[in-house]
Amino acid sequence: MTRYFARKLGLYVLAFWAGVTIDWAIPRLMPGNPIAAYVDRFALNSQGPWTALYKLFDKAFGYNLPLWDQYWHYWDNLFHGNLGISLYAFPEKVTTMIAQAAPYTLALLVPAILLSYVLGNRIGAMAARRKVLDNTVLPLGYLFQAMPYAWLALAAAFYLAAVEHWFPVEGGYAAGLASGFTWAYISSLLYHWFLPFLTVFLVSFGGWSIGMRNLVIYELETDYARYLRALGARGRLVRRYAYRNAVLPQLSGLALQLGTVIGGNIVTEVVFNYPGLGHLIYTAATDQDYALLQGIFIFIIVGVLVANFVIDIVYIWVDPRTRLSMQGAAA
Amino acid sequence: MSLSVENLRIAYRTLRGDVQAVDGVTFAVADREIMGLAGESGCGKSTLGNSLIFIEGRMKHVGGTVELDGKALPISDDRAMNHHRMRDVSIIPQYAMSALNPTKKVGTLAHDLLKSRGMKLAKVLPEFRRRVALVGLPENVLEMYPFELSGGMRQRATMVISTLLNPSLLIADEVTSALDVSNQRAVGELLTEFRDLGYVKSMIVITHDLSILAQIADTIMVMYAGKLTEKASASTMIDKPLHPYTQALLSSLPEVGVRYEDRELTGIPGRPPSLLSPPPGCRFRERCPFAYDKCVEDPPFMELLPGHQVACWKAADDVAGGAGREHNEASATPSGGAGDASPERGPSLGARAGKGAE
């Protein structure tokens, strides 16, 4: 048991190291010079001040150091909780920006994914046995899942917001509203939250329900299900067993989805101009903001790893077969 | 009379039409009788066995009645059958090794199953444990998951669960097929022991392996292409079969009644007819070395000798004319293959066992 977890933990540490290293290297391999672009924004006329300013910022951000030193500093800062300073929103700290954006993303995606997971599994399992549901909900699921998400989001924003004015077109809350624990602010948050939530929910609901339907149909055809029915077990028991076994592969899918949630859904947040992490990634990439991009990616890396670790533990609990391999590892 | 089946017809729905897998079958199984049901693959023996307990979606009950202990068994009514399943009629399925839910402990599975039937595991738990020990499973098997057991152990666990409520009739479908010979023998002995201890009143053992039937069965019934061809006591079937198909079947087995140092083993040339639209008359006609013009008529399943039923015109003529012996001796020489299996010439099972020891 302990050895199993130690081995797993070792693997996660290795994955974290590799992820962070790649995260550190990628912006430096990208074409373009962010400091030059930043200094250009000051619109200096002559070369002298430009060069002086460039050198100043280059040194301030530590980009003048040899790569090994930069790498070392990067880890050092990381362990002190320092993800650097944003160029694009200079002199805002990256950690502050992530802390501001993350609640929007989490509040938008975590409920959308969990709710679509729970409902999709339930409805999918029901559709496996009921023709009516199979012929109504499932085709809708296929439709939503097959639709390019950006198109669905745009169509929703256009018809439900721009044309019908049922929902606001963009933003996380009404412009000019002071944030605080007031009814006006919270209702505005919910009002802006609903449409992006709905589009994400619909798309992922389609995926879960289709997957679950097929898994349950497979499980209901297995030998153990036939045996139970041959011995006169009630349908409820057979369905309970089938559901329980069918949900296992879905659980691995949930782990991956929840992990990537942390990074936000770029398309959703860009379409609805929603102030979450996805939107921040988009801004950071277009503005070549190394520190910000790296900071968000670290957040994603940690998110994926933690989600996987949690699901690893949950899996041991729900699928006894994994416990067997664990004993094998400990033996 | 424990079980009596009257003109049972079971079909499979396919896209090309109904396949008559069991086509008008009439037989009976007495109390404490172990009846072997033999035949090649696709002859309908498993379908017959399954239809007595669970008619699945693609199967169709076309006609016929089933009576168990004097009461009609509503085989085509899935809901009404639930009451009888496991309690009156039970099954060790062909897939016994994968019949247990992999994510449930054996004990939990039995508990859930009984609870779903409105019963408590606690009531039968001492008996459950006794039988677990009887079949040679470890005591803690109830706390184990199926994947922690070997295939043979899983099968024995299935055997115990299936017979937990002491059914009148147990259908054991190919229970020895996937086992090595020593385990085959052990499982065969367990089946007779279950009968002797009264766990099961009577039993239908479905197999293509005649040697296991010679060991455990009281009677043997042979099916061919959805129809019954012959039924008699096990010793009669092995020593004096009347139907040419049974004779051919025995001659193709090295285990039973063949002196294979004298000649090579023979198979039966040809294939069974399609059951989608079977030809009229005897279904074995195309492959039968004795077929003659009368065989285009469907032979009835008649009791030719006391306790010996056969569906064959030739056998009926031979028995009626008292010419069985002459017929067998005359036919043996020209036809070679199947004809050589004439019962008088092949040594009996006992003789074979003796030869093995020499």
Side-chain angles (χ1 to χ4, degrees), chain A residues 1 4 121 125 127-131 134 212 215-252 311-331, chain B residues 49-58 78-106 108-119 143-149 154 157-158 161-165 167 170-171 173:
Chain A
M1 189 82 162
Y4 173 80
N121 281 343
R129 294 176 295 108
R130 281 184 210 143
K131 268 273 179 307
D134 207 19
M212 193 59 180
L215 286 164
V216 166
I217 285 179
Y218 173 80
E219 291 292 334
L220 287 176
E221 294 289 314
T222 49
D223 288 341
Y224 73 80
R226 282 170 65 196
Y227 180 60
L228 283 174
R229 279 184 291 170
L231 291 193
R234 301 243 171 265
R236 200 192 307 159
L237 178 68
V238 182
R239 291 197 296 271
R240 205 180 84 203
Y241 277 14
Y243 184 87
R244 171 69 203 264
N245 289 352
V247 98
L248 296 175
Q250 295 281 86
L251 209 54
S252 316
I311 294 289
D312 265 352
I313 293 169
V314 172
Y315 227 96
I316 289 167
W317 178 49
V318 295
D319 189 347
R321 284 167 291 190
T322 47
R323 271 174 254 165
L324 188 75
S325 66
M326 205 168 72
Q327 284 164 3
Chain B
N50 285 330
S51 72
L52 298 178
I53 183 163
F54 180 37
I55 296 192
E56 287 180 64
R58 64 211 170 93
D78 191 45
R79 268 172 192 277
M81 265 309 278
N82 263 348
H83 175 74
H84 301 282
R85 288 179 181 138
M86 202 175 173
R87 203 178 274 133
D88 298 328
V89 48
S90 196
I91 188 168
I92 304 171
Q94 199 163 8
Y95 47 84
M97 289 183 188
S98 56
L100 304 175
N101 182 356
T103 60
K104 292 284 174 204
K105 289 175 183 165
V106 175
T108 314
L109 181 85
H111 169 265
D112 288 355
L113 177 60
L114 288 177
K115 198 176 154 204
S116 163
R117 303 292 315 265
M119 280 167 275
E143 281 74 48
M144 287 167 91
Y145 289 98
F147 57 81
E148 295 174 290
L149 307 171
R154 280 203 290 270
T158 308
I161 292 176
S162 288
T163 54
L164 208 48
L165 301 181
L170 175 71
I171 297 145
D173 195 352

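Naming convention: chains lettered A, B, ... in sequence-line order (proteins, then strands); numbering from 1 in each chain.
- For chain A, the option among B:Thr158, B:Leu100, B:Asn50, B:Asp112 with the highest count of heavy-atom pairs below 4.5 Å is B:Asp112.
- Nearest heavy atom pair, residue A:Tyr227 against residue B:Ile91, reads CE1-O, 3.9 Å.
- Residues of residues 232-241 of chain A lying under 4.5 angstrom from chain B, judged on non-hydrogen atoms, are A:Gly232, A:Ala233, A:Arg234, A:Leu237, A:Arg240, A:Tyr241 by number.
- Side-chain N or O atoms of B:Arg117 include one that pairs as donor or acceptor with a backbone N or O of A:Leu231 at under 3.5 Å.
- Between chain A and the options B:Met81, B:Lys115, B:Lys104, heavy-atom pairs under 4.5 Å are most frequent for B:Lys104.
- How far CD of A:Glu221 is from CD of B:Glu56: 8.0 Å, rounded to the nearest 0.5 Å.
- Heavy atoms closer than 4.5 Å to chain A are found in both the backbone and the side chain of B:Leu109.
- Nearest heavy atom pair, residue A:Arg229 against residue B:Phe54, reads CB-CZ, 3.7 Å.
- Interface residue B:Ile161: backbone and side-chain heavy atoms are both found under 4.5 Å from chain A.
- Between chain A and the options B:Ser90, B:Pro167, B:Ser162, the largest number of non-hydrogen pairs under 4.5 Å is found for B:Ser162.
- The CG atom of B:Asn101 lies 7.0 Å from the CG atom of A:Leu228; values are rounded to the nearest 0.5 Å.
- Of all residues spanning residues 82-89 of chain B, those with a heavy atom less than 4.5 Å away from chain A's heavy atoms are B:Asn82, B:Arg85, B:Met86, arranged by number.
- Between atom CG of residue A:Asp319 and atom CZ of residue B:Phe147 there is a gap of 7.0 Å, rounded to the nearest 0.5 Å.
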